[in-house]
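In what follows, a single structure is set out as structure tokens and then discussed.
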There are 2 protein chains.
Amino acid sequence: MREGPDIARIASLVGDPARANMLTALMGGTALTASELALEAGVSLPTASSHLAKLMDGGLLTLASQGRHRYYGLAGPQVAGMIEAIIGVAEAVGPKRVRPGPRDAAMRVARVCYDHLAGEQAVAMLDRFVDRKLLLREEGEIRLSPSAISHFAALGIEIDSKVRRPVCRACLDWSVRRSHLAGALGAAILDKIIAEKWARREKDSRAVVFSQKGRQAFERVFLT
Amino acid sequence: MREGPDIARIASLVGDPARANMLTALMGGTALTASELALEAGVSLPTASSHLAKLMDGGLLTLASQGRHRYYGLAGPQVAGMIEAIIGVAEAVGPKRVRPGPRDAAMRVARVCYDHLAGEQAVAMLDRFVDRKLLLREEGEIRLSPSAISHFAALGIEIDSKVRRPVCRACLDWSVRRSHLAGALGAAILDKIIAEKWARREKDSRAVVFSQKGRQAFERVFLT
DNA sequence: CGCATGGTTCGATCCATATCGAAGCATTCC
DNA sequence: GGAATGCTTCGATATGGATCGAACCATGCG
């Protein structure tokens, strides 16, 4: 018998198929309502409600009430990171898929990871930022260089360095085994990509597909 | 309903208290027998055996038979990483402990993480290696510099760069939120620390406590 | 105010699985 | 070979929890 943090409690919350589906859906980053999550998980509304109550009680979700709608979202980056880690093991351990389908290919190129961009595109972008000395890798974490604030401001991305959440965070990528950019800056960049309509979210998936022009614009702005 | 990797299956394996205790015990890095794990988990031998079969089936453990002993160990660094991530969330979400006890303090200073050293000591060591340009941080990963092989060889640590497992890996630390050194080199260094009797493993814990002399030796060799 | 919609609570059912005792294999030691 | 140790399998039990229908709140709209 050992004491310590109740890891079984947390893991068992993720360990039910219905709840796992809900959490996976929320990895898309947008908060969802109970009915949407019920549909996502393939269970009835009462069942979903009960699961959501458990997840809330376990501290894995946050709730934002807006009128008669109640939006559930992941409680934070740490929870998202844990789920990505579990996904990583499940991928590694699960049946080796012979050939990744088209959606999987799209997922590998670019996908949403909670609130920021992940996949090959995201990895390339982070590398480029470091090459251009906009970001500095330090002690396994990432920091803003002095020139970064004005640079990103010129692109319409205001970085509020006073924000409590770490501005940058190196988040391991489970398809490409390298880091991509999370944190407030990562989230802001994803926002811009969507706002500028450079890319759209694939329906019912975390995949992000760029349009022809969008890709060019993205590369011009972030990859040169 | 969504397809994809069976994350619920993996999480539910960790989600049982008995299995969670076993996995936590195995985070100590040494492979253990079924009876030892039964004791750790506080269940009978048949129950433990059943759990171990499930964990094996799920690909979370490896088994090494030696005579009539059968040693169970974590399947790999990825699994260890997942468990650390879950521990991290459980710590964050669980009851805020008012004051960390003495064992927790020791854990924060130095502990075993699967097969290498973690905690403040380990973080300091990695920083020092980078300062001395023995290791190079690149793309969120860590690589050996040319001078590293001879340097570590002089300390009695042979680095076989042909080994399939990544030589170095930046592994996030959940007490100190920074990287420490995992991988084959990290494992070799921990081996040396124990072999030289600079430190001993705390009984029934992942904590590693240095002796007076051991600490001095460690600092002389690795932190200067 | 009355109705519709989104969501939760309650109660009953039912299935999965954690548990242990006893028995069965396997390996080593004498 | 026989006894002892380490571990797994089998069988029976019991308990936790996932599930849904129906009834019950709450918010917004006309």
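Labels below follow one simple rule: chain letters A, B, ... track the order of the sequence lines, proteins then strands, and each chain is numbered from 1.
- Side-chain proximity of A/Ala34 to the nucleotides C/dG7, C/dC20, C/dA18 is greatest for C/dG7.
- A donor-acceptor contact shorter than 3.5 Å is absent between the side chain of A/Arg19 and the backbone of B/Ala8.
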Test log, rule side chain to side chain contact (heavy atoms under 4.5 Å, CB included), inputs A/Val43 and A/Asn21:
CA-CA 10 Å; A/Val43 293; A/Asn21 283 332; over 6 Å; no
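- Phosphate contact (OP1/OP2 of D/dT19, side-chain N/O of A/Thr47, threshold under 4.0 Å): absent.
- The minimum heavy-atom distance between B/Leu37 and B/Tyr72, with the atom names listed, is CD1-CB, 4.0 Å.
- Closest to the A/Tyr72 side chain, of the nucleotides C/dC20, C/dT8, D/dT8, is C/dT8.
- For the atom pair CE (A/Met27) and CD1 (A/Ile87), the distance works out to 5.0 Å, reported to the nearest 0.5 Å.
- Between B/Arg70 and the phosphate of C/dT27, there is no side-chain N or O to OP1/OP2 separation shorter than 4.0 Å.
- Regarding contacts with the backbone of D/dC7, every side-chain N or O of B/Tyr71 stays at 4.0 angstrom or more from both OP1 and OP2.
- The residue from B/Trp198, B/Phe222, B/Phe218 that alone fulfils the ring-ring contact (aromatic ring centres under 6.0 Å, His included) condition with B/Phe210 is B/Phe218.
- Of the candidates C/dG6, D/dC7, C/dT19, the closest approach to any side-chain atom of B/Ala18 belongs to C/dT19.
- Comparing A/Pro46 and A/Pro17 against DNA chain D, the residue whose closest nucleotide sits nearer the 5' end is A/Pro17.
- One can place CG of A/Leu39 at 16 Å from C1' of C/dG7, the figure rounded to the nearest angstrom.
- We find that CG of B/Leu13 is positioned 14 Å from C1' of C/dA16, with the value rounded to whole Å.
- Put simply, CE on B/Met56 is 14 Å from P on D/dC7, counting in whole angstrom units.
- Listed by chain and number, the residues in a side-chain hydrogen bond (donor to acceptor under 3.5 Å, both in side chains) with B/Lys54 are B/Ser50 (sequence neighbours excluded).
- The distance between atom CG of B/Leu45 and atom P of C/dG24, rounded to the nearest whole Å, is 18 Å.
- Across the protein-nucleic acid pair, B/Leu37 atom CG and D/dG6 atom P stand 15 Å apart, rounded to whole Å.
- When the P atom of D/dG6 is taken as reference, atom CG of B/Leu32 falls 15 Å away, rounded to whole Å.
- Rounded to a whole Å, the CG atom of A/Leu63 is 10 Å from the P atom of C/dG7.
- For the pair B/Asn21 CG and C/dA18 C1', the computed distance is 14 Å after rounding to whole Å.
- Overall bending of the helix from C/dC1-D/dG30 to C/dC30-D/dG1, expressed as the angle between end axes built from five pairs apiece, is 20° (10° steps).
- Looking only at side-chain heavy atoms (C-beta outward), A/Leu23 and A/Leu13 stay at 4.5 Å or farther from each other.
- For B/His51 and C/dT17, the shortest distance from a side-chain N or O to OP1 or OP2 is not below 4.0 Å.
- Within the 4.0 Å cut-off from OP1 or OP2 of D/dG17, not a single side-chain nitrogen or oxygen of A/Lys54 is found.
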